[in-house]
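Notes follow the structure.
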Amino acid sequence: MKIEEVIDQTLIPAITGATVVGIDIGSRTGKAVLFTGGELFTAQTPTGIDMQETSDELLAELLEVSGLKRADISYIVGTGYGRVAMHFPEIPHQIVTEISCHAMGAHYLNAGIKTIIDIGGQDSKGIKVDQETGRVVEFVMNDKCAAGTGRFLEKVAQLLDLDLSELGKVALEATKPSEISSQCVVFAESEVISLRAKGATQEDIAAGIHLATARRVRNLLSRIGLEPGLAFSGGVSNNVGMKKAIEDLLEHPISEFKLDAIYAGALGAAVHAQHYLAAGGRDSQESGSGFSLELTELENRIAKQQETIITGADGKKKVGYLCTYTPLELINAAGVNQVRLFKMGNTEVVASGEQITQSVFCDFTKSILGAFKEGDPLYKSLDKVYTFYTCDCIKKVGEAIGDFFAPADIYILPRLRHKESSRGYYRTEILNFKEDLEKLSGHTITEEEVREQIKIYNQVRAVLKQISDLRKRDNPPLKGKDFLDLIKAYYYLPPEELLILYQELYDTLSAVPDQGAKPIRLMMAGGIVADGDRRLLELIEDTVGARVVIEDHCTGSRNVSFQISEAGDPYQALAEGYLDQSPCTRMKPLQERVVISGDLAQEYKADGILYVYLKFCPCYGQIKHEFFRHYQKLGIPVLEVPIDYSASDQGQLKTRLEAFIEVLGERGGVTTGAGRKNSQSA
């Protein structure tokens, strides 16, 4: 077909006439678009097990209908579910997320589009589009639940003895749509079976399912806003029942395209291919200085210390603690070994912990209990566990440890509304903590010993702050993953050993030249990042190619970036120093906490913020919008990332991160991935 027959008339001059291909491999269907001269060709095939084979089939079909040869193709851009598997050795190619491609494709089909609903086989998305450029302004995806996706509708069609292609048409014939209350595919399946048993018609059930799916879409859009100029793309876009349900629920018409909207992603990929080709098809140099920090010695020291604790080789008592508000100065003044209980558990450990606590607790709290229950040798060796609790779930975990596994004491942290009285109360709790440590260790703690520990921990925190400040460079000499591993040592090793290790590392890092292509700079904010939980950081830094330059969570820089007075009453100094650090979200009022987070992002020149929290987290999951509003006031883009400790959402996490980095790259024209750069025109 002629390009002018489908492309928005105002954008036809932007089509260069080069021969390029966009391939969109969805979870159910592969689509492809070829531009050549003034013509556009399309191809479609079911997605096979081998994604490269599906891509080759699509390309072969395009070449057959266009009369071209592979040598005629100047550039290919791959997108969609199977994009990472695409490889064309003899043709320049690139991959771009389906979020960016659907936005660009919808824009070129209708330049008036501002909001896109994209429902595919495995996920659904809401996308806001820049009307001038076709770039993504903001986006949101459903989590890994299948509700609100093509898979959901496919399952219901099977239950109703319908072909998927019939489901939408049948829904239009409903007289009284059934009420489907569940937001879960599994439970919705039970509801459908129950409705059929009660005599509900296929038509009414089908209409009810479409409305339930549309509600999920509405909830997605509520997080980014709905602007006039609405498009519907993706594999479900041809479902007339879904289209009607969305229009009825949103009270807003869906714009029509002159090309089947299922091709929007492939079309956008082809447009991106033209942009890459026009820019010379060049990749940028890799971000960073090329320096790689070696932390084997640090890991060996941690392993050796843990072995000493497990075996009791040094004869010292051993305590575990659950919160950064626990004054380590007192533990070390008592001559006691300390371990922070913050290991990430695997699915088996999490499931074991859930047998003791509730299913609605976060995976971190379940991991702690699961480690005890499964006999983790480090946790099992502890003589006592202490909790200076902020989170109510952590309090319950401390109580459960005391009930089932080891002696435990719980101390209450005050809120911050009245600072003087809060400090006085906290000082009293610190003195109670001191007395208990003395009983445990058999050693009377003197004020001079506490002052000595305050002094050395201040030195340790000061060197860590110096190391963190190196990340303010255009090219930080260490990754966010590296810094979290340095902080991990703070929670396991004695301060005298830490000071030597950190100083040596600072000397090494400060000598690294500040050179190379500037990466996208991110702040990771939100809830706890456990020991061993590096999956997200590896995706960000090793796969997507951005750099985490600062953390605003309680296992990162935030909780070691403070100093404690070395003069006067050491117990009052501990109370003031720990309470005056960046507060936990539980320690209301919240506004101070929110402002500190925004200031930190600006101090480290973050291009964007990843707000990461564990699902069911009562501290960070429930108050996230307070943070979002503040970041938006500062003009800093934010991506919400709810996670757990399973690995089943790896692909979706990667897609969301890549899309966010692409958005940030388009805002600033900087490196957006390992070895590639988005130009302003893309």
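Just the heavy atoms: all of them, side chains too, but no hydrogens, waters or symmetry mates, feed the values below. All values derive from a computational prediction rather than experimental measurement. Position 1 is the first residue of the sequence, and the numbers go up from there.
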Pick from I430, I564, V450: which one makes a side-chain contact (heavy atoms from CB on, under 4.5 Å) with P570? V450
Between Y578 and F388, is a ring pair (Phe, Tyr, Trp, His ring centres under 6.0 Å) present by the stated rule, with each step listed? CA-CA 11 Å; Y578 274 86; F388 279 78; 8.5 Å; no
Would you call E626 and R593 a salt bridge, taking side-chain N to carboxylate O under 4.0 Å as the test? no
Any non-hydrogen side-chain atom of L440 less than 4.5 Å from a side-chain atom of Y386? yes
Strictly below 4.0 Å, N to O, side chains only: are R558 and E551 in salt-bridge contact? no
Please determine if R340 forms a cation-pi arrangement with Y492, meaning its NZ or CZ atom is less than 6.0 Å from the six-membered ring centre and no more than 45° off the ring axis. no
Do K343 and D531 meet the salt-bridge criterion of a basic N to acidic O distance under 4.0 Å? no
Is a side-chain donor or acceptor of E658 paired with a backbone partner of V544 at a separation under 3.5 angstrom? no
Measuring centre to centre across the rings, with the benzene-like ring taken for any Trp, is F405 within less than 6.0 Å of F372? yes
Checking D533, L537, V641 against V612 for side-chain contact (heavy atoms from CB on, under 4.5 Å), the one that qualifies is V641
Tell me whether the count of non-hydrogen atoms from other residues, nucleotides or ligands lying under 6.0 Å of NZ in K304 goes above 12. no
Taking all atoms of both residues into account, what is the closest heavy-atom pair of N458 and Q563, and its distance? O-NE2, 3.0 Å
Is it true that D474 and R521 have a side-chain N and a carboxylate O under 4.0 angstrom from each other? no
Examine F361 together with F616 and report whether their ring centres are nearer than 6.0 Å. no
Applying side-chain hydrogen bond (donor to acceptor under 3.5 Å, both in side chains), run through Y411 and T326 and close with a yes or a no. CA-CA 9 Å; Y411 296 93; T326 306; over 6 Å; no
Are any of the side-chain heavy atoms of I456 and E496 separated by less than 4.5 Å? yes
Matching residue for E640 among K615, K624, R656 - test: salt bridge (charged side-chain N to carboxylate O under 4.0 Å, His left out): K624
Quick one: is the NZ or CZ of R471 closer than 6.0 Å to the six-membered ring centre of F483, and within 45° of its axis? yes
Tell me whether E566 contacts the main-chain N or O of I454 through its side chain, where contact means a donor paired with an acceptor under 3.5 Å. no
Could you check whether atom NZ of K318 has more than 12 heavy atoms from other residues, nucleotides or ligands sitting under 6.0 Å from it? yes
Quick check, are the ring centers of Y325 and Y426 under 6.0 angstrom apart? no
Lys/Arg-Asp/Glu bridge criterion (N-O < 4.0 Å) met for K396, E399: yes
Whether K472 and E603 form a salt bridge (side-chain N of Lys/Arg under 4.0 Å from carboxylate O of Asp/Glu) is what I want to check. yes
Tell me whether R301 is salt-bridged to E297, with the criterion being a basic N under 4.0 Å from an acidic carboxylate O. yes
I'd like to know whether NZ of K465 has more than 12 heavy-atom contacts from other residues, nucleotides or ligands below 6.0 angstrom. yes
